[in-house]
Structures are given as C-alpha cells and as structure tokens.
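Proteins get letters first, then strands, A, B, ... in listed order; numbering begins at 1 in each.
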Protein chains: 2
Amino acid sequence: MAPTSETLTAERILEATEEVLRRHGPAKATVVDVARALGVSHGSVYRHFRTKAVLREAVTKRWLDRTSERLAGIVSDGSGPEERLRAWLAALFAAKRHKAGDDPELFATYTVLTDENGTAVGEHIADLTSQLTRIIAAGAGSGIFTAPDPAAAARAVFHATGRFHDPCYAREWTAPGIDEEFTAVVDLLIRGLGAPR
Amino acid sequence: MAPTSETLTAERILEATEEVLRRHGPAKATVVDVARALGVSHGSVYRHFRTKAVLREAVTKRWLDRTSERLAGIVSDGSGPEERLRAWLAALFAAKRHKAGDDPELFATYTVLTDENGTAVGEHIADLTSQLTRIIAAGAGSGIFTAPDPAAAARAVFHATGRFHDPCYAREWTAPGIDEEFTAVVDLLIRGLGAPR
DNA sequence: CAGCTGACAGATTTCAATATCTGTCATTCC
DNA sequence: GGAATGACAGATATTGAAATCTGTCAGCTG
C-alpha cells in the first residue's frame with residue numbers, strides 16, 4: 001500500500017511482514033501480501049529471503065530479541081545479587097505478561113510463529129539463561145548464593161519459573177493470585193540458592 | 001460391534017468411549033460410534049450422559065483419577081519427608097512420561113480432552129497439590145522443612161516442577177539431560193524447603 | 001548488469017454442496 | 001412403566017472443484 005521509492009532492504013521487508021502479520025494473523029499473512037504492502041512484486045521478496053519460513057523465522061527472532069535486550073539492562077544494575085535476581089525474574093514475567101495482555105491477538109500470532117520455529121526459541125532461551133547465569137555467578141562469587149555450577153543453577157531457576165514466562169501458561173497470567181504464586185516460587189528458589197547459614 | 005445383552009450402565013458406556021477414542025482419536029470419536037460399539041442406539045447413550053461434552057468430561061476425569069490414585073500410595077510410605085517428596089515428584093514425572101511415551105497417539109487424544117475440559121483438570125491439580133501438601137506438612141511437623149503455609153509451599157513446588165508434569169512440555173520429556181534437569185530443580189526446591197541450618 | 005518483474009507449475013487453501021452428527025422426543029417394547 | 005428406539009431439525013464436518021499461494025526463472029528495465 002506504500003510504494004516507497006527507497007531501496008528494498010531486508011529490514012524494510014521485516015517491518016512490512018510484522019505489519020502484515022499484525023493485520024492478517026499468522027494463517028493468512030502471505031508473501032504476496034508483504035510484497036503488496038511494499039509496492040513490489042513477490043519475486044523481490046524472495047531475493048532477500050529464500051523461503052517464507054526463513055522470513056517468518058527472521059521476524060520471530062527480532063521479536064524475541066527485543067525482550068532479551070530489555071532484560072539485559074537488569075543483569076548488571078547496582079543492587080545486590082538477590083535483588084537483581086528478583087528484579088530480573090519479575091521483569092521477565094512483566095514483559096511476557098504485558099505482551100500477552102496488551103494485544104492478545106498479536107501475542108497469539110507470535111505464539112504460532114514461535115511454535116513453528118524451535119531454533120529461534122532455543123536461541124532466545126539460551127540468551128536468557130546466559131543472562132541468568134551471570135546474575136547467579138555474581139551472587140556465588142560474593143558468597144550470597146551457593147552454586148557450584150551457575151549455568152546449571154540458572155537453567156533450574158529458568159525451568160522452575162516456566163509458569164511465569166512460558167507462553168503455554170499465558171491464559172493463567174490474568175488469574176487472581178498469580179502474583180502471590182510468583183512470589184512464592186521465587187522465594188523458594190532464592191532460599192534454595194542461598195548460602196547455608 | 002459387541003451387542004452384549006448386559007444392561008447398559010454408565011460404566012460400560014465409559015469403557016466403550018475410551019475404546020472409541022483410542023481407535024478414532026478425539027476429533028472423529030462420535031456418540032454414534034460409541035452406541036454402535038455397544039450395540040445400542042445413540043439415544044440410549046444420551047439417557048446416561050446429557051451431552052457429548054459431559055461424556056467426554058467423565059472419561060477425562062477417569063483417566064486423570066487413575067494417575068492420582070497411583071501417586072496417593074507414595075504420600076504415606078515409610079521413608080522420611082525429603083525422600084518421600086523426591087519419590088512423589090519422581091513418580092509424577094515417571095507416570096506422565098510413560099503415558100506420553102508409551103502411546104503418543106493416545107496421549108495426544110487425552111491432551112485434547114484435558115484442553116477442552118478445564119474443570120476436570122482443575123480438580124486433578126487440586127488432588128495432586130493436596131497430596132503434596134500432606135507430604136510437606138508432615139516434613140514441617142518433624143522440623144525437616146520450613147513451611148509456614150504448607151498448602152502454599154505445595155502449590156509453589158507443583159508450579160516449579162511444571163516442566164516435568166505439564167503435558168505442554170511432553171515433547172521435551174525424551175530430550176537427553178532431562179533427568180539431570182529434573183534433579184537440579186528438585187534439589188533446589190528441597191534446599192529451599194529445608195529448615196535453616 | 002544488478003535488481004526487479006510477472007508468468008508459470010505444483011502445493012495449499014477456500015468455499016459451497018453434501019453427508020454426518022448431536023440432542024430431542026413421540027412411540028415401541030418388554 | 002421404565003428403558004430403548006429411530007426419525008427428525010439444526011449444527012457440524014467432509015469433500016472436491018476452483019482460487020490462491022509459494023518458489024522459480026527467463027526476460028525486462030534503468
């Protein structure tokens with residue numbers, strides 16, 4: 001709909017694809033739609049992305065990366081390890097919950113995208129657990145946490161909090177009492193990580 | 001296919017329904033199929049179950065209850081609270097993993113049934129957390145665990161181990177390293193529950 | 001000549017007609 | 001007379017023909 005005369009870049013295609021996905025949903029978003037939105041032929045899109053699947057994967061990666069980048073800021077903020085871990089987990093929960101709550105349809109769209117795309121999700125999770133590992137390793141370094149293997153501890157914490165960040169639980173994120181549940185799990189985990197007294 | 005002349009009971013209908021679901025899958029299992037399997041008219045089935053949804057719910061409940069009952073045995077076995085908690089969580093994981101692994105198609109069928117049936121699932125989860133509560137309360141009573149609110153602690157433990165019993169993770173239950181992940185999470189939780197040293 | 005186009009083959013999706021199913025109930029059967 | 005039947009209306013699912021989409025590529029365009 002906007003036949004801009006700028007040169008066609010992968011970036012512009014990704015933006016247009018996001019827009020088409022937002023408008024039409026994952027099932028009806030076609031490469032032809034994306035091309036039309038850019039005012040080019042669909043053959044041109046295939047010059048930048050070999051297949052529709054590759055294009056969708058790129059969009060998915062961008063979306064996931066935006067969350068990772070926001071959280072990265074918390075990893076090295078000023079507070080102590082325990083506060084930082086709490087803040088990071090709370091921020092992860094808040095980020096996912098907002099994505100799901102603010103625009104449920106768009107969230108459903110991206111849930112479909114992530115489902116069809118294990119690789120991008122795997123990298124995203126690796127990203128997140130690596131951030132968690134840094135927080136826990138710092139805590140172990142300063143004697144606040146006991147963690148012989150910080151990476152393993154990070155994975156355990158990540159898995160144990162799945163209920164508060166995994167999309168398959170999204171419908172429960174609006175349930176009353178969910179914040180208490182979150183706090184209960186995080187408290188338990190932090191007690192578990194704590195150095196013996 | 002088996003026009004037995006026994007009287008038609010709810011029990012017999014449930015058995016036939018399980019069989020039809022096993023054979024045809026959740027999408028194609030019809031009330032007419034169930035009636036045919038019993039050698040009766042479908043009107044007779046409606047005498048015992050008001051709607052198809054009610055029938056499916058009853059089948060779902062039976063299936064879930066079978067798991068609950070198996071686990072109930074562990075709640076009051078001889079060992080100490082920590083071992084009992086470990087054994088119970090491991091048994092829950094093992095039960096679910098076997099259900100998923102032994103007959104993936106049947107598991108997929110019941111996953112559809114549980115998805116369409118929040119109430120039965122809710123009761124099943126209430127059942128399980130109540131068993132967990134008893135274990136944790138016993139541990140708190142003998143000073144092994146610290147748990148001001150055993151029911152809340154039980155819910156936290158149940159949520160934190162979701163990765164190892166929630167059907168939405170079933171595809172990861174065959175991944176290598178899953179046992180180490182399970183142990184890591186359980187260790188962390190048990191450390192978190194432990195009385196301060 | 002680098003980038004774009006649009007026609008094309010095969011795969012996939014849509015849509016409307018057709019068939020089946022759900023749930024009811026007047027009637028039949030023991 | 002209590003349980004079972006089967007015909008029925010409306011809802012849902014299946015099917016196959018037509019439309020659309022994906023991915024390719026020979027040729028156009030600036």
Side-chain angles (χ1 to χ4, degrees), chain A residues 1-60 105 108-109 112-113 115-117 119-120, chain B residues 1-60 105 108-109 112-113 115-117 119-120:
Chain A
M1 291 287 167
T4 333
S5 52
E6 286 174 62
T7 45
L8 187 59
T9 62
E11 184 63 23
R12 283 187 65 220
I13 293 173
L14 288 173
E15 271 159 25
T17 306
E18 283 186 1
E19 179 57 21
V20 168
L21 281 165
R22 187 172 286 117
R23 271 198 158 75
H24 299 347
K28 290 197 187 174
T30 73
V31 176
V32 172
D33 288 332
V34 173
R36 194 169 20 240
L38 288 162
V40 299
S41 81
H42 74 280
S44 303
V45 173
Y46 281 97
R47 175 164 302 281
H48 292 85
F49 296 93
R50 226 172 55 266
T51 66
K52 186 188 187 183
V54 167
L55 174 57
R56 283 164 83 105
E57 173 166 2
V59 170
T60 308
E105 226 167 313
T109 292
V112 172
L113 288 183
D115 276 348
E116 74 193 18
N117 205 321
T119 310
Chain B
M1 292 290 168
T4 331
S5 52
E6 287 172 62
T7 44
L8 188 58
T9 62
E11 184 62 22
R12 284 187 65 221
I13 294 173
L14 288 173
E15 272 158 25
T17 306
E18 283 186 2
E19 180 56 22
V20 168
L21 280 165
R22 201 186 317 275
R23 269 197 158 75
H24 300 347
K28 291 196 185 173
T30 71
V31 176
V32 172
D33 289 330
V34 173
R36 194 173 13 242
L38 288 163
V40 300
S41 79
H42 75 279
S44 302
V45 173
Y46 281 97
R47 174 166 302 281
H48 292 85
F49 297 92
R50 228 174 49 269
T51 66
K52 186 187 186 184
V54 167
L55 174 56
R56 284 164 82 104
E57 173 165 2
V59 170
T60 308
E105 227 167 313
T109 292
V112 172
L113 289 183
D115 276 350
E116 74 191 21
N117 206 326
T119 310

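If you measure from atom CZ of B:R47 to atom P of C:dT24, you get 12 Å, rounded to the nearest angstrom. As a whole-Å value, the separation of A:H24 NE2 from C:dT13 P is 16 Å. Going from atom CZ of A:R36 over to atom P of D:dT20 covers 11 Å, rounded to whole Å. Spacing between atom CG of B:L55 and atom C1' of C:dT22 amounts to 12 Å, rounded to whole angstrom units. A straight line from CG of A:D33 to C1' of C:dT12 spans 15 Å, rounded to a whole angstrom. Taking atom CG of residue B:L38 and atom C1' of nucleotide D:dA4, one finds them 13 Å apart after rounding to whole Å. In this structure, B:H48 places its NE2 atom 8 Å from P of D:dA3, rounding to the nearest Å. Regarding B:I13, its CD1 atom lies at a distance of 12 Å from the C1' atom of D:dA4, rounded to whole Å.
Within the structure, a side-chain polar atom (N or O) of A:S44 is placed less than 4.0 Å from OP1 or OP2 of C:dT5.
Residues A:E116 and A:P26 fail the side-chain proximity criterion, which asks for heavy atoms closer than 4.5 Å. Looking at B:L21 and B:L113, their side chains come closer than 4.5 Å, going by heavy atoms from C-beta outward.
The 12-atom threshold is not exceeded at CD of B:E105, counting heavy atoms of other residues, nucleotides or ligands nearer than 6.0 Å.
Nearest-nucleotide positions on DNA chain C place A:V40 closer to the 5' end than the other of B:A29 and A:V40. Where B:K28 and B:L8 each meet DNA chain D at their nearest nucleotide, the meeting point lying more 5' is that of B:L8.
At a threshold of 4.0 angstrom between heavy atoms, the contacts of A:T30 are confined to the sugar-phosphate backbone, with no base atom among them. Within the 4.0 angstrom heavy-atom criterion, only backbone atoms of the sugar-phosphate kind lie near A:V31; the bases stay farther away.
Residue B:K52 has its side chain nearest to C:dT22 when only D:dC21, D:dG23, C:dT22 are considered.
Every pair passing side chain to side chain donor-acceptor pair (under 3.5 Å) that includes a residue from residues 21-34 of chain B is listed here, sequence neighbours excluded: B:E19-B:R23, B:T30-B:D33, B:D33-B:R36.
With hydrogens and angles ignored, the 3.5 Å screen pairs no side-chain donor or acceptor of A:S44 with any backbone N or O of A:V40.
Contact of B:H42 with D:dG6 (side chain to base): no donor-acceptor pair of N or O atoms is detected under 3.5 Å.
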